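Below: one structure, written as structure tokens.
Just so you know, residue 1 is the first one in the sequence shown, and it goes up from there. Since the model is a prediction, treat every value here as computed from it, not as a measurement.
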Amino acid sequence: MKKLTFIALSALLLASCSEENAPANPAGGDTITLSVNGSILLSRTTTAEDGGILKTTFVAGDKVGVSASGGAIASNCEYTVAADGTALEGTPISFQYNTAAEILAYTPYSADATAAGLTFSINADQSVADNFNASNFMTAKASVTKDNPKASLSFTPRTALVYVEMAGTLGETAKALTLCGIKPSLKWTAATDATATEGEATDVVMRKVGETPVFMAFVPAQTTAADNPLFVIAIGEREYSYTPTAGIEFKQNTVKRFKLTVNADETVNIESSVVSGSDWTEDGTTTESVDGDIVRRYVELISAEEGNFTGKALNEATGMQGAKEGWNAIIAGGNSSAISISGEEAVIATDGGNWYQRALYFRAPNAKGTAHKYMLEFDVKGGTDIQVGVMRGQQAGSFTSNAYFAVSGATAAKVESTKAEYTHKSLQVDLSQISTGDVDFSTGVGVIFFAKENTQQTHYVKNVSLIEIE
């Protein structure tokens, strides 16, 4: 198995760390140094491709954790790579016994590590270079003696590197790529040097490599769940999801390469392979077709799960500017109205106040939305008229106007009659039309429900969704 090589020429191990026992056989205080033979600098913080060869390169400021046992005792000492990119700076570790010292190192450094090891989590957003590089967890071992105190550290990646080349008329224009359903953490046990993948599955935003159609991300070793989306591809204002028919295995210390072709007719071809010539261990040498389907992924400003009130709590706000992401109860002005949740439904109990002082309000995240058509669906009962509006989100210092997107053709709040029993409503929303200012999603999108009149009355709302349709 090939390894990444950590080069630290004549480097001094930094920091005099904890001494757990007084020496029974003093060694005389000689210090341990590091040196590694090799011509290619490889480290945590920069991983790039040069002529088809992937290299990981150390840079100044990188942090390494080092422990020692046997002839020298140290626990999770923090070391910093010097300006030359090779030397390590700090207080030296000294021999305490006339026996061999076992060195165990890892990077990036964590203050939470113990003698037993640590739990390392990748960054969910690796689109930023620093987050991408900080997600590359590596370890190294070496043995030194008082007569030969130089340690040669060869660091091994303990994650997999996912490498995707986008191709095809649409694929080459992809602006973002997300890897879906990934367990984000690995538990490293120092005594056995073993790792175990853990954590709730999450999505990982991959790093786009400059102006190339290549995306990369580090992930712990694992096999993805079959029939779940593997990639979400952002092309223009649209998103597409690719779902393989079987789980995909990502192996530790390997590069898993994909070539994902998205054609003009939205058909897809995907190949999985690893090309020779990488400084990382290759995951096979053959090209394998990965069956699956690509489908348009519609933006869900309110998903079916978000629109089910069971188990949810309302944020309390006095206006739309103070609302948080998710569901809010807007109550202000000293009126006697109340907004609450009861089981699967939201309850709007109106008793006085202006419409903006007694409303149920959903706030979508900033920058989420497209200038396309959506369908707003919900169930409602009450027996009197209710109004619903889809608005640009408000944010102090950014945007504070009441700007309505078009609902059923009108850029205003829509009046809907209700009955004593639940009825289902389906309203088309056009986010390319707005009543005030420009169409802009930087402050998010809000959906508001309130009684048309402020007299005493109660409405019940459930099963809300707002999903892109074209």
Side-chain angles (χ1 to χ4, degrees), residues 43-50 54-57 59 61-63 107-108 120-138 157-168 170-186 197 199-222 224 228-243 248 250 255-262 270 280 294 296-301 325 364-370 440-444:
S43 88
R44 178 182 68 83
T45 59
T46 303
T47 298
E49 190 171 24
D50 182 8
L54 284 164
K55 299 179 180 180
T56 303
T57 311
V59 298
D62 280 353
K63 302 291 186 181
T107 186
F120 173 82
S121 296
I122 61 170
N123 289 299
D125 183 0
Q126 297 186 29
S127 61
V128 178
D130 286 348
N131 288 353
F132 167 76
N133 291 314
S135 297
N136 183 9
F137 181 72
M138 303 192 297
R158 308 310 297 268
T159 58
L161 178 59
V162 183
Y163 178 108
V164 182
E165 177 189 355
M166 296 300 301
L170 291 179
E172 290 178 350
T173 66
K175 62 182 182 181
L177 191 65
T178 300
L179 188 59
C180 302
I182 297 298
K183 292 182 179 180
S185 302
L186 64 84
T197 300
E200 293 296 323
T202 188
D203 293 345
V204 177
V205 181
M206 302 181 72
R207 181 193 175 202
K208 190 175 191 299
V209 182
E211 298 301 318
T212 72
V214 171
F215 296 83
M216 295 192 293
F218 294 105
V219 301
Q222 59 195 279
T224 61
N228 280 358
L230 180 64
F231 296 115
V232 170
I233 312 151
I235 298 174
E237 291 189 342
R238 295 185 176 186
E239 287 188 345
Y240 301 84
S241 64
Y242 170 74
T243 303
I248 302 297
F250 299 116
V255 181
K256 187 72 170 181
R257 294 178 183 254
F258 296 89
K259 184 173 183 179
L260 181 55
T261 302
V262 184
I270 185 167
W280 288 61
I294 188 170
R296 169 84 178 275
R297 179 169 173 170
Y298 293 98
V299 176
E300 298 186 351
L301 290 176
E325 288 184 16
N366 289 351
K368 186 174 183 179
T370 56
D440 189 328
F441 305 108
S442 62
T443 56

Rounded to the nearest 0.5 Å, how far apart are [atom1] of [X] and [atom2] of [Y]?
X    : Y    : atom1 : atom2 : answer
L177 : F258 : CG    : CZ    : 10.0 Å
I233 : R238 : CD1   : CZ    : 13.5 Å
N228 : T243 : CG    : OG1   : 7.5 Å
R207 : Y163 : CZ    : OH    : 12.0 Å
L161 : F132 : CG    : CZ    : 5.5 Å

Kindly say whether [Y] contributes a backbone atom to a donor-acceptor pair with the side chain of [X] at under 3.5 angstrom?
X    : Y    : answer
N123 : D125 : no
T159 : N136 : no
Q222 : K183 : yes
T107 : K63  : yes

Heavy-atom check, side chain of [X] versus side chain of [Y], under 4.5 Å:
X    : Y    : result
I248 : K256 : yes
P229 : Y242 : no
F231 : L260 : yes
C180 : L230 : no
E239 : T178 : no

Taking all non-hydrogen atoms of both residues into account, name the closest pair between [X] and [Y] and its distance.
X    : Y    : result
Q126 : V204 : NE2-CG1, 3.7 Å
A134 : P108 : O-CG, 3.7 Å
P157 : M138 : CA-CG, 3.7 Å
E200 : P184 : O-CD, 3.2 Å
G444 : N366 : N-OD1, 3.6 Å
L170 : T173 : O-OG1, 2.6 Å

Output all residues satisfying side-chain contact (heavy atoms from CB on, under 4.5 Å) with K368, sequence neighbours left out; order by chain, then residue number. V299, L301, P365

Is there a side-chain contact (heavy atoms from CB on, under 4.5 Å) between D203 and V232? Walk through the geometry before answering. CA-CA 9 Å; D203 293 345; V232 170; 5.9 Å; no

Would you be so kind as to tabulate the donor-acceptor pairs closer than 3.5 Å made by side chains of residues 208-218, with sequence neighbours excluded?
unit_1: K208; atom_1: NZ; unit_2: G210; atom_2: O; d: 3.4
unit_1: K208; atom_1: NZ; unit_2: T212; atom_2: O; d: 2.7
unit_1: T212; atom_1: OG1; unit_2: V209; atom_2: O; d: 2.5
unit_1: T212; atom_1: OG1; unit_2: V214; atom_2: N; d: 3.4

